[in-house]
Amino acid sequence: QVQLVESGGGLAQPGGSLRLSCAASGIRLSIYNMGWYRQAPGKQRELVARITSGHITNYADSAKGRFTISRDNAQNTVSLQMNSLKPEDTAVYYCSADRFSRLRIGIADYWGQGTQVTVSS
C-alpha cells in the first residue's frame with residue numbers, strides 16, 4: 001500500500017526551528033512533485049512549499065526566506081526545514097505527492113496523515 005508518513009512536528013518557541021520529514025512507501029518519490037501543505041483551524045489549506053521532480057522549489061510568500069524544502073530520493077523522503085518560526089505557522093502540516101503539477105490548486109495523488117506544529121511561548 002502507498003503511504004506518506006510525516007514526522008518531526010511538535011512544539012517550538014517563536015524564532016525556533018523544526019524539521020519535518022515525509023517518508024514514503026509503495027511509491028518512488030523521485031518521479032513525483034512533492035509539496036508541504038498546512039491547515040490551521042478555521043483557515044483554508046495552504047501550499048507552503050513544493051519541490052518538483054526536477055528539484056525546482058517554490059514557496060508561499062509567508063514561508064519564503066524561512067522554510068526550505070528538500071528531497072532525498074535515495075531515502076525516499078522529503079523534508080521541510082522551518083526556521084524563524086512564528087505563531088501563525090501553527091497548523092497541521094501535510095506531505096503530498098503529485099505527478100501532474102497540480103499541487104498549486106490543492107490536488108495531489110497522495111496525502112500524508114499530517115503532523116501538528118505548534119509555535120507558542
Side-chain angles (χ1 to χ4, degrees):
Q1 59 181 291
V2 175
Q3 284 189 305
L4 299 178
V5 180
E6 301 97 333
S7 61
L11 177 65
Q13 293 186 333
S17 297
L18 287 172
R19 185 176 179 86
L20 307 182
S21 182
C22 174
S25 61
I27 57 171
R28 181 182 177 186
L29 289 190
S30 62
I31 64 173
Y32 285 84
N33 306 306
M34 303 297 298
W36 284 96
Y37 288 84
R38 68 185 180 190
Q39 188 164 29
K43 299 181 66 177
Q44 292 186 343
R45 187 174 57 197
E46 175 189 25
L47 179 61
V48 177
R50 60 175 176 155
I51 182 167
T52 70
S53 59
H55 303 280
I56 299 171
T57 59
N58 296 96
Y59 300 92
D61 288 341
S62 59
K64 191 174 298 183
R66 301 188 298 122
F67 293 4
T68 302
I69 188 170
S70 61
R71 64 194 306 154
D72 187 336
N73 290 334
Q75 295 189 352
N76 220 31
T77 60
V78 176
S79 297
L80 183 68
Q81 179 68 44
M82 304 186 294
N83 298 326
S84 302
L85 285 166
K86 304 175 181 179
E88 49 263 45
D89 295 320
T90 297
V92 177
Y93 284 71
Y94 298 90
C95 177
S96 60
D98 178 60
R99 289 291 311 278
F100 305 104
S101 301
R102 303 172 296 178
L103 295 174
R104 292 173 294 172
I105 57 175
I107 298 175
D109 294 314
Y110 304 103
W111 295 89
Q113 84 288 347
T115 185
Q116 177 71 47
V117 171
T118 301
V119 183
S120 176
S121 301

Notebook entry, point to check: Hey, is the main chain of Ala91 close enough, under 3.5 Å, to the side chain of Gln39 for a donor-acceptor pair?
Noted result: no
In this structure, CD1 of Ile107 is separated from OG of Ser96 (nearest 0.5 Å) by 11.5 Å
Let's go through Leu103 and Met34 carefully: what are the C-alpha distance in whole Å and the side-chain angles of both, what is the deciding distance for side-chain contact (heavy atoms from CB on, under 4.5 Å) to 0.1 Å, and is it a yes or a no? CA-CA 8 Å; Leu103 295 174; Met34 303 297 298; 5.6 Å; no
CZ of Phe67 to CG of Leu20, rounded to nearest 0.5 Å, is 8.5 Å
| field | Geometric class of the Trp111/Tyr37 ring pair [parallel <30°, tilted 30-60°, perpendicular >60°] | value | tilted
Quiz item: Is any side-chain heavy atom of Ile69 closer than 4.5 Å to a side-chain heavy atom of Tyr59?
Solution: yes
Value for CG (Leu80) from SG (Cys22), rounded to nearest 0.5 Å, stands at 10.5 Å
What one should report as the nearest heavy-atom pair of Ala12 and Leu85 is CB-CD1, 3.7 Å
So Ser79 and Asp72, do their side chains get closer than 4.5 Å, heavy atoms only? no
Rounding to 0.5 Å, atoms OG (Ser53) and CG (Asp98) come to a distance of 10.0 Å
TODO: Decide side-chain contact (heavy atoms from CB on, under 4.5 Å) for Asn73 and His55; before the verdict, give the C-alpha distance in whole Å, the side-chain angles of both, and the deciding distance to 0.1 Å.
DONE: CA-CA 11 Å; Asn73 290 334; His55 303 280; 3.9 Å; yes
- Validation row: Val78, Trp36 side chains within 4.5 angstrom (heavy atoms): yes
Sorted by chain and number, sequence neighbours left out, side chain to side chain contact (heavy atoms under 4.5 Å, CB included) with Ile27 holds for Val2, Leu4, Ala24, Leu29, Tyr32, Ala97, Tyr110
Hits for side chain to side chain contact (heavy atoms under 4.5 Å, CB included) against Thr118, two or more places apart or cross-chain, chain-then-number order -> Leu11, Thr90, Gln116, Ser120
### Task
Test side-chain contact (heavy atoms from CB on, under 4.5 Å) on Ser70 and Arg19 and set out the steps.
CA-CA 11 Å; Ser70 61; Arg19 185 176 179 86; 3.7 Å; yes
- Spell out, as yes or no, whether a donor-acceptor pair under 3.5 Å connects the side chain of Glu46 to the backbone of Arg38. no
By side chain to side chain contact (heavy atoms under 4.5 Å, CB included), Ser17 pairs with (sequence neighbours left out) Gln81, Asn83
Item to check | Residue pair Arg50 / Arg104, side-chain heavy-atom distance below 4.5 Å | outcome: yes
CD1 (Ile51) and CG (Asn33) are apart, to the nearest 0.5 Å, by 9.5 Å
Output for pair (Arg66 CZ, Met82 CE), nearest 0.5 Å, gives 9.0 Å
| task | Kindly indicate whether the side chain of Val119, heavy atoms from C-beta on, has any atom under 4.5 Å from the side chain of Lys86. | result | no
